[in-house]
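Heads up, the thing below is written out as structure tokens.
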Amino acid sequence: MSQTAPTTSELEAFLDEALPPERMAVIEELLRSGDESLTAELAEINGRRDAGLHSLGEVWRRRRLTCPTREQLGSYLLGVLDEGHADYIKFHLEVIGCRLCLASVKDLEAQQSSAEAEVSQQRQRKYFQSSVGRLPAGED
């Protein structure tokens, strides 16, 4: 596992829990090892945030301005987006690996699966109810 020193940008993303899990683990391990300069830099970032001093990049990341909406993610899963938009969302999910959007996609997929199961159960009940009394009685 790489133990390279994190950049300021990575530390900001770490505080927002917006890094890939592997990199989050590396930074957490560095913090647990007692890296005082890293701890001081995180304290400085938090101090800036508490004081309301934000860079444009930080506002961009914290407001998640590059993240598609949940509706757009759902449309992506249904395959109804134009090619350019679908390509962007695929890049956002697969290359950037946005943890929040990946979690949202996973939730949408789970909802879709449960909705499909419910529709299937309703269809089965309907078929059963429509055939009650129409089948000949079995002989014992």
Side-chain angles (χ1 to χ4, degrees):
M1 183 182 320
S2 173
Q3 293 276 333
T4 60
T7 64
T8 301
S9 180
E10 283 183 311
L11 291 176
E12 290 171 349
F14 174 80
L15 290 171
D16 294 332
E17 297 184 22
L19 288 175
E22 301 81 26
R23 191 63 180 152
M24 294 280 290
V26 167
I27 294 172
E28 189 171 320
E29 188 175 318
L30 288 170
L31 288 167
R32 288 177 190 223
S33 72
D35 186 329
E36 292 179 19
S37 65
L38 186 60
T39 303
E41 191 170 354
L42 280 173
E44 181 183 327
I45 292 168
N46 269 331
R48 267 196 329 262
R49 287 180 174 190
D50 290 344
L53 305 173
H54 304 286
S55 69
L56 179 60
E58 189 173 347
V59 170
W60 191 271
R61 279 187 302 279
R62 292 187 84 193
R63 298 285 182 181
R64 311 204 64 76
L65 297 177
T66 58
C67 291
T69 65
R70 190 167 169 89
E71 182 180 88
Q72 291 169 330
L73 291 171
S75 295
Y76 171 77
L77 289 174
L78 294 173
V80 297
L81 294 175
D82 63 77
E83 185 179 344
H85 203 165
D87 287 345
Y88 173 75
I89 292 176
K90 181 177 180 178
F91 173 82
H92 186 76
L93 296 171
E94 295 178 8
V95 177
I96 301 300
C98 176
R99 292 173 54 191
L100 293 175
C101 289
L102 287 168
S104 191
V105 164
K106 188 174 181 178
D107 180 55
L108 287 168
E109 289 172 335
Q111 285 181 1
Q112 184 178 13
S113 293
S114 66
E116 288 171 357
E118 178 64 29
V119 167
S120 177
Q121 289 174 351
Q122 288 175 349
R123 188 177 304 123
Q124 288 174 354
R125 273 189 298 249
K126 221 177 186 180
Y127 290 148
F128 178 76
Q129 290 171 349
S130 68
S131 63
V132 170
R134 299 197 190 267
L135 297 175
E139 295 183 26
D140 291 334

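Because the structure is predicted, anything quoted here is derived from the model rather than measured.
- With hydrophobic clusters built from ILVMFWY side chains whose heavy atoms lie under 4.5 angstrom apart, Leu102 shares a cluster with Leu77.
- Contacts of Glu109 classified as salt bridge (charged side-chain N to carboxylate O under 4.0 Å, His left out), with partners at least two apart in sequence or in another chain: none.
- Cluster annotation: Leu19 and Leu93 are assigned to distinct hydrophobic clusters (Ile/Leu/Val/Met/Phe/Trp/Tyr, side-chain heavy-atom contacts under 4.5 Å, transitive).
- Nearest heavy-atom pair across Leu81 and Ser75 is CD2-CB, 3.6 Å.
- Within the 4.5 Å cutoff, no side-chain heavy atoms of Thr66 are placed close to those of Ile96.
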(request) List the steps and the verdict of side chain to side chain contact (heavy atoms under 4.5 Å, CB included) for Arg23 and Thr4. (result) CA-CA 10 Å; Arg23 191 63 180 152; Thr4 60; 3.5 Å; yes

(request) Apply side chain to side chain contact (heavy atoms under 4.5 Å, CB included) to the pair Thr7 and Leu11, showing each step before the final yes or no. (result) CA-CA 6 Å; Thr7 64; Leu11 291 176; over 6 Å; no

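- In plain terms, the two heavy atoms of Ser37 and Asp35 that are nearest each other are OG-OD1, 2.8 Å.
- Applying the salt bridge (charged side-chain N to carboxylate O under 4.0 Å, His left out) rule to Glu28 yields the partners Arg32; only residues at least two apart in sequence or on another chain are considered.
- In terms of modelled atom types and a separation under 3.5 Å, the side chain of Ser104 and the main chain of Cys101 share no donor-acceptor contact.
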(request) Please assess Met24 against Glu29 for the test side chain to side chain contact (heavy atoms under 4.5 Å, CB included), listing each intermediate value before the final yes or no. (result) CA-CA 9 Å; Met24 294 280 290; Glu29 188 175 318; over 6 Å; no

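- Pairs passing the salt bridge (charged side-chain N to carboxylate O under 4.0 Å, His left out) check and including a residue from residues 84-107, sequence neighbours excluded, read Arg70-Asp107.
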(request) For Leu100 and Cys67, run side chain to side chain contact (heavy atoms under 4.5 Å, CB included): C-alpha distance rounded to whole Å, both residues' side-chain angles, the deciding distance at 0.1 Å, then the answer. (result) CA-CA 9 Å; Leu100 293 175; Cys67 291; 5.7 Å; no

